[in-house]
Amino acid sequence: MTLWAKRDDMIVHEREPFNAEPPRSVLGERRLTPIEVFYARNHGPIPRIHPDTWRLELDGLLSAPATFSLGRLQAGFEHHDLVATLQCAGNRRAGLLAVRDIPGEAPWGPGAISTARWTGVSLADVLAEAGLRPDAAHIAFTGADVSPSARPPQPFGGSIPVPKATAGDVLLAWAMNGEPLPRVHGGPVRLVVPGYVGARSVKWVHRVTAQDRPSDNYFQSRSYRLLPADADPELAAPGEGLQLGPVAVNGDILQPEDGATVPAGRTRVSGYAYGGHKRGIARVDVSLDDGRTWRQADLGPEPGPWEWRHWNSTLDLPAGEQTITARAWDSAAASQPERPESLWNPGGYVNNSWGRVHITVTSPTGGAW
Ligand SMILES: Nc1nc2c(c(=O)[nH]1)N[C@H]1C(S)=C(S)[C@@H](COP(=O)(O)O)O[C@H]1N2
Ligand SMILES: [Mo]
């Protein structure tokens, strides 16, 4: 155990603020990601808030603004369990960095995605009690952490449109995989916005505001937006570009590890695929000739609506330098784009290009004895 009770094989991009992802091999093992290897993405110092003193303020376009303690929240509303995948918009940024530099952004591999069972109350229920007014179009969240990387420095925040906030699947969550929500993951209480980029699942949430426009928080209006490839992020006006919300199909290979040396012959290849917002995973294909020919992988059991899906295939690997490629198809028959070159953007977000690992396959006779 090292930082924040994470396993010591985590790939730590930054210690302060703490940013870390699990290695590929760890993610493929199960449906729920154990907390000790769940990726962590932070933009500032992690606040310490006692559950007894935590309060949630609801304000803005509401007929009955209110303040909730954790006890009142837990006593006042029905509890829900939801298995949901969280994926950072920067997941797999390393593939974009290989195309062109993205100054100041961490080179996340394919591990900025994890899945947990979250327990909490439905944001829709809480908003209904607070009397959401018809002129409210967005629900904004504010966290208790102050990010020095924001300009100007400010608490982390963001917003989601009212239809998503009131759909019933967004949780104010206090538990993760059956344990009290750990501090590093937003404890005592965080948002879980399934199907949206991780940035909207605001941790250490203490304020929920109903308003007529998206949040003007730095992390909504400046960061976590998709700018065109030729835009200058310093010059682009706040709110310009596509503010990231719903996630599209993505996936990658988890086994074998990129750069691994494996013996020739039958080898198990496995990975994850995530359909994103309201889409399931319908098929996964794997290729040994960078997409000229494909074969279908075996899909894991049909998951819940907000979960990733694991897949595997056994490939007969010939000796030599090999590239294994994988692409997922979602339930709307959309698939992952072929190359990161076609996706490059100044923030290095949403790289959902084909999964690729380069490996060395040794022939049985070429062994080192
Ligand atoms: N208050 C707050 N909430 C936050 C963040 C943050 O830095 N501060 N990071 C966001 C981002 S970008 C992601 S991807 C997820 C990561 O959640 P995790 O650290 O529990 O994996 O939290 C989101 N919520
Ligand atoms: Mo993120």
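Note that ligands are numbered from 1 as they come in the structure, with each ligand's atoms numbered from 1 the same way. What you are looking at is a predicted structure, and each value in this text was computed from that prediction instead of being measured.
Those atoms of ligand 1 with a heavy atom of D145 less than 4.0 angstrom away are 1 (N), 2 (C), 6 (C), 7 (O), 8 (N). Here is the list of ligand 1 atoms found below 4.0 Å of a heavy atom in H185: 18 (P), 19 (O), 20 (O), 21 (O). Near N42, meaning under 4.0 Å from one of its heavy atoms, ligand 1 places the atoms 7 (O).
Classification of the H277-W306 ring pair by plane angle, with boundaries at 30° and 60°, yields tilted. The aromatic rings of Y272 and W308 sit tilted, their planes meeting at an angle between 30° and 60°.
For ligand 1, none of its N or O atoms has an N or O atom of Q87 under 3.5 Å away. Note: no N/O pair closer than 3.5 Å links W204 and ligand 1 by distance alone. The shortest N or O to N or O distance between K203 and ligand 1 is under 3.5 Å.
Contacts between P17 and ligand 1 below 4.0 angstrom, taking non-hydrogen atoms only, are absent altogether.
With respect to D330 and R283, no salt bridge is recorded, no charged nitrogen being found less than 4.0 Å from a carboxylate O. One finds a salt bridge joining E234 and R151 here, because a Lys/Arg side-chain nitrogen approaches an Asp/Glu carboxylate oxygen to under 4.0 Å. R356 and D290 are joined by a salt bridge, as a carboxylate oxygen and a charged side-chain nitrogen come within less than 4.0 angstrom of each other.
Both the sub-6.0 Å distance and the 45° axial angle are satisfied by R327 relative to the ring of W294.
Shortest contact from atom 9 (N) of ligand 1 to any protein heavy atom: R41 O, 3.3 Å. R190 NH2, 3.4 Å is the protein heavy atom nearest to atom 22 (O) of ligand 1. Remark: minimum distance from atom 21 (O) of ligand 1 to any protein heavy atom is reached at Y39 O, 2.7 Å. Closest to atom 23 (C) of ligand 1, if we only count protein heavy atoms, is G198 O, 3.2 Å. Considering only non-hydrogen protein atoms, atom 12 (S) of ligand 1 sits nearest to Y224 OH, 2.9 Å. Taking atom 24 (N) of ligand 1 as the reference point, the nearest protein heavy-atom neighbour is S201 O, 3.0 Å.
Between R55 and E57 the shortest side-chain heavy-atom distance does not fall below 4.5 Å.
Of the listed options S223, A199, P45, G187, A199 places a heavy atom closest to atom 11 (C) of ligand 1.
For the pair R200 and ligand 1, no heavy-atom separation below 4.0 Å is found. Under a 4.0 angstrom heavy-atom cut-off, F219 registers as lying outside contact with ligand 1.
Grouping the Ile, Leu, Val, Met, Phe, Trp and Tyr side chains by contacts below 4.5 angstrom, directly or via other members, places L181 apart from F77.
Looking at every heavy atom in both residues, P23 comes nearest to M10 through CD-CA, 4.4 Å.
Without hydrogens or angle criteria, R92 side chain to N351 main chain gives a donor-acceptor distance under 3.5 Å.
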